[in-house]
Amino acid sequence: MRILQLHSNFIQYKPIQKEIAIAEEAEKEQKRLEEIVVLFTAVEEGDNEAVAQKAIDEVQAFLEKLKVNRILIYPYAHLSSNLARPENALKIVKAMEAYAKKIGLETYRAPFGWNKQFTISIKGHPLAEQSRTILPAEAEEKKKEKVSEAVKAQEKLKSTWYILQPDGKMVPVEEFDFKGRENLQKFATYETSKVRASQQAPPHVLLMKRLEIADYEPGSDPGNIRWYPKGLLIKSLLEQLVNAKMTEYGAMEVETPIMYDFQHPSLADYINRFPARQYILKSENKTLFLRFAACFGQFLMVHDAQFSYKQMPLKVYELTRYSFRREQRGEVVGLRRLRAFTMPDCHAFCTDREQAKKEFLIRFKLCMQILEEIGLSKGDYEAAIRFSKDFYEENKEFIKSLVKVLGRPALSEMWRERFFYFIMKWDFNFVDNQDKAAALSTDQIDVENAKRYNITYVDEKGEKRHPLIMHCSPSGAIERCVYALLEKAYKEQQKGKPPMLPLWLSPTQVRIIPMSDKYFEHAEKLADSLDAQNVRVDIDDQTFTMQKRVREAEREWIPYIIVVGQKEIESDVLPVRDRKAGKIRKMKLEELTNEIEEIVKGKPFKRLPVPRHLSKRPQFYG
RNA sequence: GCCUCGGUGGCUCAGCCCGGUAGAGCGGCAGCCUCGUAAGCUGUUGGCCGCGGGUUCAAAUCCCGCCCGAGGCUCCA
């Protein structure tokens, strides 16, 4: 049944002539009704009395909102192309009328089977016009069945959870003693039961704003972030680090398009296997989608490449700026989960399982090292290793070797059957201040997509074969790394330690505060020398008290603060306020530059992304 | 997508219940202060009270819808 429901100031109608043989008897007189909800109603095949009642119940619920108690049932065939037979339709319409009267509605009905002339005035409010479709119970059942089929498919996903220990033992998660492994316990709880403890907003959201790193962009879609100069510095340094590591690893960096044609045969099939929500783009007569990963681009590229076992494992890498996923509203939060994010994505094409496992282990170590260099040490993340039961039975030793490399217990998830396109994966997860987990690095062994994309290599015998594909994000989304670093700093603060970013990522590494404008020149000289040593240095030349400027520098988490006055002109010893040490250290300039150089050794460097003088900087937030 | 809470100068927030001249602190700007390690003083600027509609003589305040944010579901290759 279809109903067009209109909240009207008035309706007037006049039956003109009978249209069908079974039309009701009616006077050819004009009728007028005021302050009424008109229900243009089309009865469809399969509708029954239950549908009639349900329709009235729905309408009645709505009438309460509108504070109206008067309806006109107006038979109107033109709403459906699947009409019930007239005699049946009339029966149902009468049933609606009877039921509406029974539940206390002031009910009117226009005659059935007539060609009528009518005038209607509809109210302007947003609820005035509504359309509804009411299905018979069997149709509802069919809908439910579809859902339950999806649930059936989920059955395959049924997981058993364990803790894998470095000594190779695998303990059911409920039997494991988490003493001293509270972080792992939080992660395991989050993964297995999805229990959330949090009431507050995630701390990194306030921090990303206050430190002028990033912010929401109201002019875009949710989950599309605006990056301020300091934040962009952090982000690009992280990107540079990951890029360098991947090149070092031997991956070839490429770039692929961000939008793809829905009609492409390989893609259409793949999308069905990947139920993420996409951004859809209509352009001329094409329908395109924005990529949610770098897979397609790289697969299409490798599909067209010629290679043999001699070039394998073949490693291709891309830093996707951006990957797009139209996550549901409630899931998009701060920098933890975005709709547009920067994801390093590396695929390795391997000849067989042995080669894949060997490469897998190399990448596992590499990812640990990358997180460490980013500033997330072992205690900051927890590992999950996931595999199908079959894979585990055949590869116990291999899985044990991963945990051994990890050096501490890992959560393990065993699927009853393979449900995804991979037979095994692992992920490193950051557990934040709300006890929520977010995946950073991850790697998977994919056994389906080579075939789907018809990617082949030539083996020793000259035959074409499909490789195994490993999908790895070495660091996870770059934005998510920033989130993890901020949440980590907040955790430190909760423990009473000063919150900090790693030195190589601190937008300002050294802040110079001249006691007064008399010492500007000296401050400038010091800044020049630091700058020459690739230290990001700035000068607070604002006319505030020194105390206030020290406070501001601390609030910016600046690792080294140097106040410059008369004494510093007379001596070359500087009072360096060391954030990490929590005290003022007397140091010569050279000692400071050496220390900084030592700490940031091997890390990418970028110059100060804002003017050196604070008085020349705009304020982006606060 | 669903449920709950919120949106008021650039920022943080009060006012809303009980409709009647829009408030504070911070910031910005101007002036004074020229300072030894976490907030110096005075003045001043700045508001489609998220957007649209409704009720009312009158709406930041009441009602409806939408948008955005947070929390919880759900989701999460």
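Quick note on labels: first sequence line is chain A, next is B, and so on, each numbered from 1.
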Contact class for A:Gln566 (heavy atom, under 4.0 Å): base, sugar-phosphate, or nothing?
base
A:Gln619 has a side chain; which of B:G27, B:U37, B:G71 sits nearest to it?
B:G27
Pairwise C1' distance for B:G53 and B:A14, with rounding to whole Å
28 Å
Return the value, rounded to whole Å, for the distance between atom NZ of A:Lys436 and atom P of B:C76.
15 Å
C1' gap between B:C35 and B:U8, integer Å:
38 Å
Considering every strand shown, what is the Watson-Crick or G-U wobble mate of B:G28 when both distances are under 3.5 Å?
B:U44
Considering every strand and a 4.0 Å limit on heavy-atom distances, what is the contact class for A:Val333: base, sugar-phosphate, or nothing?
sugar-phosphate
Tell me whether the guanidinium CZ or amine NZ of A:Lys357 lies under 6.0 angstrom from the six-membered ring centre of A:Phe398 and within 45° of its axis.
yes
Regarding the side chain of A:Met546, the nearest nucleotide among B:A38, B:A70, B:G36 is B:G36
Could you tell me how far B:C2 sits from B:A58 if I compare only their P atoms? Round to whole Å.
34 Å
Heavy atoms only, 4.0 Å cut-off, all strands: where does A:Glu568 land among base, sugar-phosphate and nothing?
base
Checking all strands, does A:Glu554 fall into the base, sugar-phosphate, or nothing category for heavy-atom contacts under 4.0 angstrom?
base
Going by modelled atom types, is there a donor-acceptor pair between the base of B:A39 and the side chain of A:Arg549 at under 3.5 Å?
no
Check A:Gln509, A:Arg617, A:His613 against A:Asp538 for a side-chain hydrogen bond (donor to acceptor under 3.5 Å, both in side chains) and give me the one that passes.
A:Arg617
Residue whose nearest RNA chain B nucleotide is more 5′ - A:Arg336 or A:Gly565:
A:Gly565
A:Glu191/A:Arg386 salt bridge by N-O under 4.0 Å criterion:
yes
Around atom CD of A:Glu521, are there more than 12 heavy atoms of other residues, nucleotides or ligands at under 6.0 Å?
no
Between A:Tyr381 and A:Phe187, does the ring centre distance come in under 6.0 Å?
no
Does a side-chain N or O from A:Tyr621 land closer than 4.0 Å to OP1 or OP2 of B:U12, or not?
yes
Scanning all shown strands, the Watson-Crick or wobble mate of B:G1 with both distances under 3.5 Å is B:C73
Can we say A:Glu35 and A:Arg70 salt-bridge, meaning some charged N sits less than 4.0 Å from an Asp/Glu carboxylate O?
no
Atom CD1 of A:Ile558 and atom C1' of B:U37 are separated, to the nearest Å, by 14 Å
Using the C1' atom as the reference point in each nucleotide, state the distance between B:C18 and B:U61 in Å, no decimals.
10 Å
Give a yes/no on whether any side-chain N or O of A:Lys548 is located under 4.0 angstrom from OP1 or OP2 of B:U34.
no
For A:Val564, report the nucleic acid contact type (base, sugar-phosphate, nothing); a contact means any heavy atom under 4.0 Å.
nothing
Answer yes or no: is there an ion pair linking A:Arg511 with A:Glu556, defined by an N-O contact shorter than 4.0 Å?
yes
So, OP1 or OP2 of B:G40: does either fall under 4.0 Å of a side-chain N or O from A:Thr545?
yes
Could you identify the nucleotide paired to B:U56, looking across every strand shown and requiring Watson-Crick or G-U wobble geometry with both distances under 3.5 Å?
none
Using a cut-off of 4.0 Å on non-hydrogen atoms, how would the nucleic acid contact of A:Pro222 be classed: base, sugar-phosphate, or nothing?
sugar-phosphate
Sugar-phosphate only, base, or nothing, as touched by A:Arg337 at under 4.0 Å among non-hydrogen atoms
base
Report the distance from atom CD1 of A:Ile561 to atom P of B:A38, rounded to the nearest whole Å.
9 Å
Rounded to the Å, how far apart are A:Gln542 CD and B:C29 P?
8 Å
Separation of atom NZ in A:Lys209 from atom P in B:C26, rounded to whole Å:
21 Å
Heavy atoms only, 4.0 Å cut-off, all strands: where does A:Gly476 land among base, sugar-phosphate and nothing?
nothing
Taking only the side-chain heavy atoms of A:Pro575 (C-beta and beyond), determine which of B:A38, B:G36, B:C68 contains the nearest atom.
B:G36
Which part of the nucleic acid, if any, lies within contact of A:Lys567, taking any heavy atom under 4.0 Å across all strands shown: a base, the sugar-phosphate backbone alone, or nothing?
base
To the nearest angstrom, how far is A:Ile569 atom CD1 from B:G36 atom C1'?
14 Å
Determine the interatomic distance between P on B:G36 and the same-named atom on B:A24; round to the nearest Å.
33 Å
Looking only at atom C1', what distance separates B:C73 and B:C16, rounded to whole Å?
30 Å
Write down the distance separating the C1' atoms in B:C11 and B:G27, rounded off to the nearest Å.
7 Å
Whole-Å C1' distance, B:G50 and B:A70
16 Å
To the nearest Å, give me how far apart CZ (A:Phe620) and P (B:G27) are.
19 Å
Between A:Glu552 and A:Arg549, does any side-chain N to carboxylate O distance fall below 4.0 Å?
no
In whole angstroms, how far is the C1' atom of B:G10 from the CZ atom of A:Arg226?
11 Å
For a quick check of understanding: with a heavy-atom distance under 4.0 Å over all strands, which category does A:Tyr216 fall into, base, sugar-phosphate or nothing?
sugar-phosphate
